[in-house]
Amino acid sequence: MKTTYRSIEGTFDILPGSASPVTRSEAWCHVEERIRAVMQRFAFAEIRTPVLEPLDLIARGVGELTDIVTKEMFSFERGSTNYVLRPEMTAPVMRAYLQHHLDQRPGEQRLFYMGPCFRAERPQKGRYRQFHQFGAEIIGSTDARADAEIIACTVEIYSALGLGSTLLRINTLGDAESRPRYIQALRAYFEPFSQELSATSQGRLKSNPLRILDTKLEHEAALVQSAPRLMDFVDPDSRAHYEAVKVLLAEVGVPFVEDPFLVRGLDYYSRTAFELESPEIGAQSALAGGGRYDLLSVSVGSRKPVPAVGFAAGMERLLLALEAADAPWPDTLPPTVFLIGLGESAEKAVFGLALRLRQAGLRATHGLRSRSMKAQMRTAHRVGAGYCVIVGDEELASGYAQVKEMTQGVQETVPFDVLPRYLLSHRT
RNA sequence: GUGACCGUAGCUCAGGCGGUUAGAGCGCCAGGUUGUGGCCCUGGAGGUCGGGGGUUCAAGUCCCCUCGGUCACCCCA
């Protein structure tokens, strides 16, 4: 049947019992639980921020010229305020940190988050207009251990879920000065070849030369080979910081590869940048990404700079990776008890009985359609109930219910008032 | 934003070069058992063939447009 309304393009419903983990609520619960567990072991505390944020916060935080801000935001005006549905969560978390003066709390702030984000891109596998991110931030530390811990935590979440075959790539982007200097050098290098570059690369030459570096065109890749190297422009302190991060990762046995061309798409990153990939989830292969963003706080209005590192990861991509890895999914637990009432007064009794069983801690349900015993029995079987409790006029008169165990099919007679105790002791 | 492919019952799909009331399996509902599920049998409900326009005596089948889905580019989680 054709339905009048459907979920908006690039958004989807998450249903119980769905075949794919991406749209299966049981899979989401399971994964969210595991993520929280790892976050808590890293002593991260949960922060929840609004889905709606001021447009300026995102524009300034993420960067006016980034793709996200120039063409991917769901934004609208109401009264004199411009709103956005957040396209990511780091800038909002920093906003909350500043707004609530979390720097006054003892030590660094270790925060994690989970929630929906929005980007108006063309949907494809692993990329949706409403998608879900989780991530963690350590705010208030310049120490390389903070970087390494964030990276270790990212990796830990995937391995805790049984995803071994991920690839960690890391790089350093240098400080606030080195990046602009490098960008300038890149422009100077590519400018003479401008005519040979593709239209997109020519555009990037103006907007974001760093992006030319990960071109897929062969003749451009050749040019990139002898382009100036980022590392040559990185300041000594950043280099030392990068070395320290690498040593820490090596010490705890987190495998990584260095990728001198890894640049992140958001403006606020400096120094450490990293990305975790899965080769098995399609073209959108980045499971998670992150890095240091010492510059963000100032660009969203802080008078003094607040150093921070963090990562953000995509829930849907994690679920996709688990699907590719053939991970098993917990099912929704079937009801322990299915109550069948025959006739009006029995139905009424069953309603109350169900409530008492639930209060005793049992999962109990009953049909609400006054159908035949046979039909109700079939439903009980199909929903996977462990027991049927049958109540008709005879049972009402005698005070004993029929209790049928569904796998063996044996049936016993149990007084109403001992039903909770009986079912609690017999359930598996 | 660009491109490719796809769009027939709730689901998975059949419907040779256009030709009479559009099918199957599964699922759903009911019955075969005056109060007993699973297996089996019988019956039923459910489709304006994504939508609109065109060609034709005739369109689920051909053409155009449109909407949606999928995947890729781009970008990124």
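Chain A is the first sequence line, chain B the second, and so forth, proteins listed ahead of strands; every chain is numbered from 1. Everything numeric here is computed off the predicted structure, so don't read it as measured data.
Side chain of A:R363 to main chain of A:P334: a donor-acceptor pair is present (N/O by atom type, distance under 3.5 Å, no hydrogens or angles). Side-chain atoms of A:R119 come within 3.5 Å of backbone atoms of A:P87 as a donor-acceptor pair (strictly under, hydrogens ignored). Side chain of A:R271 to backbone of A:V309: no donor-acceptor contact under 3.5 angstrom is found. Checked by atom type and distance alone, the side chain of A:E88 pairs as donor or acceptor with a backbone atom of A:T90 at under 3.5 Å. Listed for the A:R317 side chain is a donor-acceptor partner under 3.5 Å among the backbone atoms of A:G126.
In this structure, A:Q124 does not reach the B:C71 phosphate: none of its side-chain N or O atoms is under 4.0 Å from OP1 or OP2.
With hydrogens and angles left out, the side chain of A:R317 and the base of B:C76 share a donor-acceptor pair within 3.5 Å. For A:Q284 and B:C73, a side-chain-to-base donor-acceptor distance below 3.5 Å is absent, hydrogens and geometry of angles not being considered.
Taking the C1' atoms as reference points, B:A59 lies 16 Å from B:G51, given to the whole Å. Look at the P atom in both B:G69 and B:A30: the space between them is 35 Å, to the nearest Å. The same atom, P, is picked in B:A9 and in B:G23; the two are 14 Å apart, to the nearest Å. Comparing the same atom, P, in B:C13 and in B:C73 gives a spacing of 25 Å after rounding to whole Å. Going from the C1' atom of B:U21 to that of B:U48 covers 16 Å, rounded to whole Å. Comparing B:U20 with B:A58, their C1' atoms are spaced 10 Å from each other, to the whole Å.
When heavy atoms are screened at a 4.0 angstrom cut-off, A:E395 is found touching base atoms of the nucleic acid. A:R6 comes within 4.0 angstrom of the backbone, heavy atoms only, and of no base. Using a 4.0 Å heavy-atom distance criterion, A:I390 is classed as a base contact. Nucleic acid contact class of A:F338 (heavy atoms, under 4.0 Å, all strands): none. Using a 4.0 Å heavy-atom criterion, one finds that A:R127 contacts the bases of the nucleic acid, with or without backbone contacts as well.
Under 4.0 Å is where a charged nitrogen must lie from a carboxylate oxygen, and between A:D331 and A:R24 at least one such pair does.
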Table please: side-chain donor-acceptor pairs of residues 400-407 of chain A below 3.5 Å, with sequence neighbours left out.
residue	atom	partner	partner atom	Å
A:Q402	OE1	A:Q411	NE2	3.0
A:E405	OE1	A:T407	N	3.2
A:E405	OE1	A:T407	OG1	3.1
A:E405	OE1	A:Q408	N	2.7
A:E405	OE2	A:T407	N	3.3
A:E405	OE2	A:T407	OG1	2.6

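When rounded to the nearest whole Å, the span between CD of A:E316 and P of B:C76 equals 18 Å. Whole-Å rounding puts the A:L163 CG to B:A77 P distance at 19 Å. Separating the CG atom of A:D393 from the P atom of B:G35 is a distance of 11 Å, rounded to the nearest angstrom.
Sorted by residue number, the members of residues 367-379 of chain A with any non-hydrogen atom under 4.0 Å from RNA chain B read A:R369, A:R371, A:S372, A:M373, A:K374, A:A375, A:M377, A:R378. For RNA chain B, the neighbouring residues in residues 398-422 of chain A, judged by any heavy atom under 4.0 Å, are A:Q402, A:K404, A:M406, A:T407, A:G409, A:Q411. Remark: A:E9, A:G10 in residues 8-23 of chain A come within less than 4.0 Å of RNA chain B through at least one heavy atom.
For residues 310-331 of chain A, the pairs satisfying ring-ring contact (aromatic ring centres under 6.0 Å, His included) are A:H30-A:W329, with sequence neighbours left out. Pairs passing the side-chain hydrogen bond (donor to acceptor under 3.5 Å, both in side chains) check and including a residue from residues 45-54 of chain A, sequence neighbours excluded, read A:R36-A:E46, A:E46-A:R48, A:T49-A:R86, A:E53-A:R95. Applying the side-chain hydrogen bond (donor to acceptor under 3.5 Å, both in side chains) definition to pairs two or more places apart or across chains, none involves residues 150-167 of chain A.
The salt bridge (Lys or Arg N to Asp or Glu O under 4.0 Å) check on A:R145 picks up A:D143, with sequence neighbours excluded. Legend: residues meeting side-chain hydrogen bond (donor to acceptor under 3.5 Å, both in side chains) with A:R110, ordered by chain and number and at least two apart, are A:E149. Residues meeting the ring-ring contact (aromatic ring centres under 6.0 Å, His included) test with A:H241, sequence neighbours left out: none.
For the pair A:A120 and A:A288, nearest-nucleotide mapping onto RNA chain B gives the more 5' position to A:A120.
Sparse packing is recorded around CD of A:E33, with 12 or fewer heavy atoms of other residues, nucleotides or ligands lying under 6.0 Å away.
Evaluated for a side-chain hydrogen bond (donor to acceptor under 3.5 Å, both in side chains) with A:S285, the options A:E280, A:E277, A:E275 yield exactly one hit, A:E277.
Side-chain atoms of A:L98 and A:V306, non-hydrogen and from C-beta on, do get closer than 4.5 Å to each other.
In terms of heavy-atom proximity, A:F131 sits nearest to A:E316 at CA-OE2, 3.3 Å.
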Scan nucleotides 4-8 of chain B against the protein and return all N/O pairs shorter than 3.5 Å with their distances rounded to 0.1 Å.
none

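In secondary-structure terms, RNA chain B builds stems of at least 3 consecutive Watson-Crick or G-U pairs, each pair having both distances under 3.5 Å, at B:1-7 with B:67-73, B:10-13 with B:23-26, B:28-32 with B:40-44, B:50-54 with B:62-66.
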